[in-house]
Amino acid sequence: MISVAEATARLLLLVDVLPSEQVPLRAASGRIMAGPLTAQHDQPPFPASAMDGYAIAGNATAGDMFRVIGTSAAGHPFGRPVAAGEAVRIFTGAPLPDGATRVVIQEDIARNGDEIRITTDPGPATHIRPEAGDFAKGMSWHSKTPLGSRDVTLLAAMGHNAVPVVRKPVVAFIMTGDELRMPGETLNPGQITASNGFGLAAMVEGAGADARLLPIARDTVDSLEQAFALARDADLIVTIGGASVGDHDLVAGSARDAGLDMAFHKVAMRPGKPLLAGRIGSSTLIGLPGNPVSSMVCGVIFILPLIRRMLGLPPELTETSHVLATSVPANGPRQHYMRGRLSPEGVVVEPRQDSSLLSVLARADLLVVRPPDDPALPIGHRVRTVMLPS
Ligand SMILES: Nc1nc2c(c(=O)[nH]1)N[C@H]1C(S)=C(S)[C@@H](COP(=O)(O)OP(=O)(O)OC[C@H]3O[C@@H](n4cnc5c(N)ncnc54)[C@H](O)[C@@H]3O)O[C@H]1N2
Ligand code: MOO
């Protein structure tokens, strides 16, 4: 069996960064920019007033008088210069008339007809936003993380209504098993509710992929073949269940028959041992174990890095570290990803670690990474951890 590190390295060789596409600005949130965009104009495009008041030429102190010669409002420039002794009524965001050197706020002024008098010494602030004071035409922006609201508003201000982004990876999920019924369906004897595909689809969508949940495949070669055919166009095909060694575990064989070039089968990890991966047609295939927690843990450890690589992001898992609030027993020969909860004292490792326990996983905050043959560890020991996505 290969190690988790070896499996990760082999997996990452199976995918490339996806091509780019142009999306409307309104659809760009959460996407990854495929290249930089440059500002189409200066921002602001003209010197503008930052306050409501009067634009004047030269300095002003309390008692000075000015004659009001017109108005400049946002979207409605005054259009003529202002000279010494003159003032232009101006509003926030309005273009500053030529010749004006400052804006005196209306609170510091008394107006009588076309005349204003400065009542309070206006101080040093000019209340002028200089042309290009935010950014100049040609400024480049290339966010290296998923576009957020602040990127989107900046790109809009830069004059862009479309953004080049990396195409979303399409991930097709095939849940396999004669025992599976869809959530909400009545369970007959021996049946269980299919849950894994739903959690994994949510997980990859949260990472920027497009998830497709295909119809449940039965434990027959024909049914699996049909499912592989349906999934043909996906960048990543993920089967769930049937990956182990039992008589009904047909995924590896069916995938081989469908042309799988296997990169590995079985990884020294717990949960997740029966994992398999390879290339099939123009897609990458990952075969996940069916145990619900195993499939979700493999999603975090292997599928999320693959999606990041396809999106052109650094693929590596980010590890953190925490102290133990509970002691843990010695580990066996497989790398163990133990479910744990954060408490003020450190990580509380869940006493029940069976890979079928979804309620334990849902309560967990993180996985404690126990290397193969790690000895028993006492309370207070610092351990490697991987935070779980929501
Ligand atoms: N003799 C051996 N038996 C097993 C081994 C082994 O090495 N030798 N490995 C065990 C390990 S570890 C795992 S993990 C499981 C995984 O086996 P499969 O991938 O073949 O999974 P299934 O048998 O199809 O299902 C396991 C379990 O999970 C339930 N399941 C399956 N799909 C879903 C789904 N979409 N949603 C919810 N639950 C699902 C299924 O009903 C089973 O209860 O094999 C061990 N056995
Ligand atoms: O490797 Mo299995 O995923 O322990 O339950």
Side-chain angles (χ1 to χ4, degrees), residues 1-4 7 171-185 187-204 211-221 223-224 227 231 237-256 260 262 264-278 285-303 329 331-339 350 352-362 364 367-372 386 388:
M1 256 187 296
I2 61 171
S3 67
V4 173
V171 186
F173 291 99
I174 304 172
M175 300 193 279
T176 75
D178 288 347
E179 76 282 25
L180 300 180
R181 304 284 288 163
M182 289 299 265
E185 287 182 349
L187 297 181
N188 294 319
Q191 294 183 329
I192 66 157
T193 302
S195 55
N196 303 353
F198 292 89
L200 286 159
M203 187 189 287
V204 303
R212 291 186 195 157
L213 204 49
L214 298 184
I216 292 170
R218 299 294 148 205
D219 287 324
T220 66
V221 173
S223 183
L224 283 168
I237 302 171
V238 179
T239 61
I240 303 167
S244 188
V245 293
D247 295 348
H248 303 283
D249 296 334
L250 304 173
V251 167
S254 302
R256 272 210 174 91
L260 176 70
M262 184 94 83
F264 60 82
H265 187 183
K266 295 205 174 123
V267 180
M269 69 186 290
R270 184 177 163 211
K273 179 176 71 171
L275 188 82
L276 64 91
L285 175 101
I286 296 189
L288 296 182
N291 277 328
V293 176
S294 314
S295 70
M296 293 293 279
V297 168
C298 288
V300 174
I301 305 299
F302 297 113
I303 296 180
N331 189 24
R334 294 190 269 155
Q335 181 144 302
H336 195 177
Y337 292 90
M338 303 182 87
R339 279 67 77 196
E350 295 290 347
R352 296 192 309 146
Q353 292 285 329
D354 187 86
S355 57
S356 63
L357 303 176
L358 279 178
S359 57
V360 172
L361 181 70
L367 300 169
V368 174
V369 187
R370 307 287 311 282
V386 173
L388 287 165

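Heads up: numbering here begins at 1 and tracks the sequence. Since the model is a prediction, treat every value here as computed from it, not as a measurement. Remember, it's 1-based here, ligands and their atoms both numbered in the order they're listed. The basis for the numbers below is simple: all heavy atoms, side chains too, and nothing from hydrogens, waters or symmetry mates.
- Checking side-chain atoms of N196 against main-chain N and O of G199 turns up no donor-acceptor pair under 3.5 Å.
- Put simply, the residue from L388, V300, I303 that forms a side-chain contact (heavy atoms from CB on, under 4.5 Å) with M203 is V300.
- Against a heavy-atom cut-off of under 4.0 Å, P289 is close to the following atoms of ligand 1: 14 (S), 16 (C), 19 (O).
- T176 places a side-chain N or O within donor-acceptor distance of the main-chain N or O of I240, the cut-off being under 3.5 Å.
- Looking from atom 33 (C) of ligand 1 to the surrounding protein, the closest heavy atom is N196 ND2, 3.4 Å.
- Pairing each heavy atom of M269 with each of C298, the nearest pair is CE-SG, 4.3 Å.
- Of all atoms in ligand 2, listed by their number and element, those nearer than 4.0 Å to a heavy atom of G272 are 1 (O), 2 (Mo), 3 (O).
- When heavy-atom distances to ligand 1 are checked against a 4.0 Å cut-off, L180 comes that close only through its side chain, counted from C-beta outward.
- Close approach to D249 involves these atoms of ligand 1, each under 4.0 Å from a residue heavy atom: 20 (O), 23 (O).
- Contacts of P274 with ligand 1, taken as heavy-atom pairs under 4.0 Å, involve the side chain alone.
- Between L276 and V267 there is no side-chain heavy-atom pair separated by less than 4.5 Å.
- Against a heavy-atom cut-off of under 4.0 Å, V245 is close to the following atoms of ligand 1: 1 (N), 2 (C), 8 (N).
- Protein heavy atom at the shortest distance from atom 15 (C) of ligand 1 is N291 ND2, 3.6 Å.
- Looking at A243 next to ligand 1, an N or O pair under 3.5 Å apart turns up.
- Within 6.0 Å of CZ in R212 there are 12 or fewer heavy atoms belonging to other residues, nucleotides or ligands.
- The distance from ligand 1 to the heavy atoms of M175 drops below 4.0 Å at these ligand atoms: 35 (N).
- Of all atoms in ligand 2, numbered sequentially from 1 with element shown, those under 4.0 Å from a heavy atom of R334 are 1 (O), 4 (O).
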side-chain contact (heavy atoms from CB on, under 4.5 Å) for Y337 and R270? Distances and angles first, verdict last. CA-CA 6 Å; Y337 292 90; R270 184 177 163 211; over 6 Å; no
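- Under the 3.5 Å distance criterion, the side-chain polar atoms of R339 are matched with a main-chain donor or acceptor of Q353.
- For atom 38 (N) of ligand 1, the closest non-hydrogen atom of the protein is I192 CD1, 3.5 Å.
- Heavy-atom contacts of S355 reach the following atoms of ligand 2: 5 (O) (cutoff under 4.0 Å).
- Taking every non-hydrogen atom of G242 and a distance limit under 4.0 Å, the qualifying atoms of ligand 1 come out as 18 (P), 19 (O), 20 (O), 21 (O), 22 (P), 24 (O).
- For ligand 1, the atoms lying closer than 4.0 Å to a non-hydrogen atom of T193 are 37 (C).
- Under a 3.5 Å cut-off, the side chain of H265 and the backbone N or O of P274 do form a donor-acceptor pair.
- The atoms of ligand 1 that sit less than 4.0 Å from any heavy atom of A194 are 36 (N).
- Near G241, the atoms of ligand 1 lying under 4.0 angstrom from a non-hydrogen atom of the residue are 19 (O), 21 (O), 24 (O).
- Selection from P292, S355, G290 by nearest heavy atom to atom 25 (O) of ligand 1 gives G290.
- No donor-acceptor pair under 3.5 Å is formed between the side chain of Q335 and the backbone N or O of S3.
- Residue, atom and distance of the protein heavy atom nearest to atom 4 (O) of ligand 2 are P271 CA, 3.6 Å.
- Under a 3.5 Å cut-off, the side chain of N291 and the backbone N or O of V293 do not form any donor-acceptor pair.
- At least one N or O atom of S244, backbone or side chain, sits closer than 3.5 Å to an N or O atom of ligand 1.
- Against a heavy-atom cut-off of under 4.0 Å, S294 is close to the following atoms of ligand 2: 2 (Mo), 3 (O), 5 (O).
- For atom 36 (N) of ligand 1, the closest heavy atom belonging to the protein is S195 N, 2.9 Å.
- Of the possible polar contacts, none joining the S254 side chain to the V251 backbone as a donor-acceptor pair under 3.5 Å is found.
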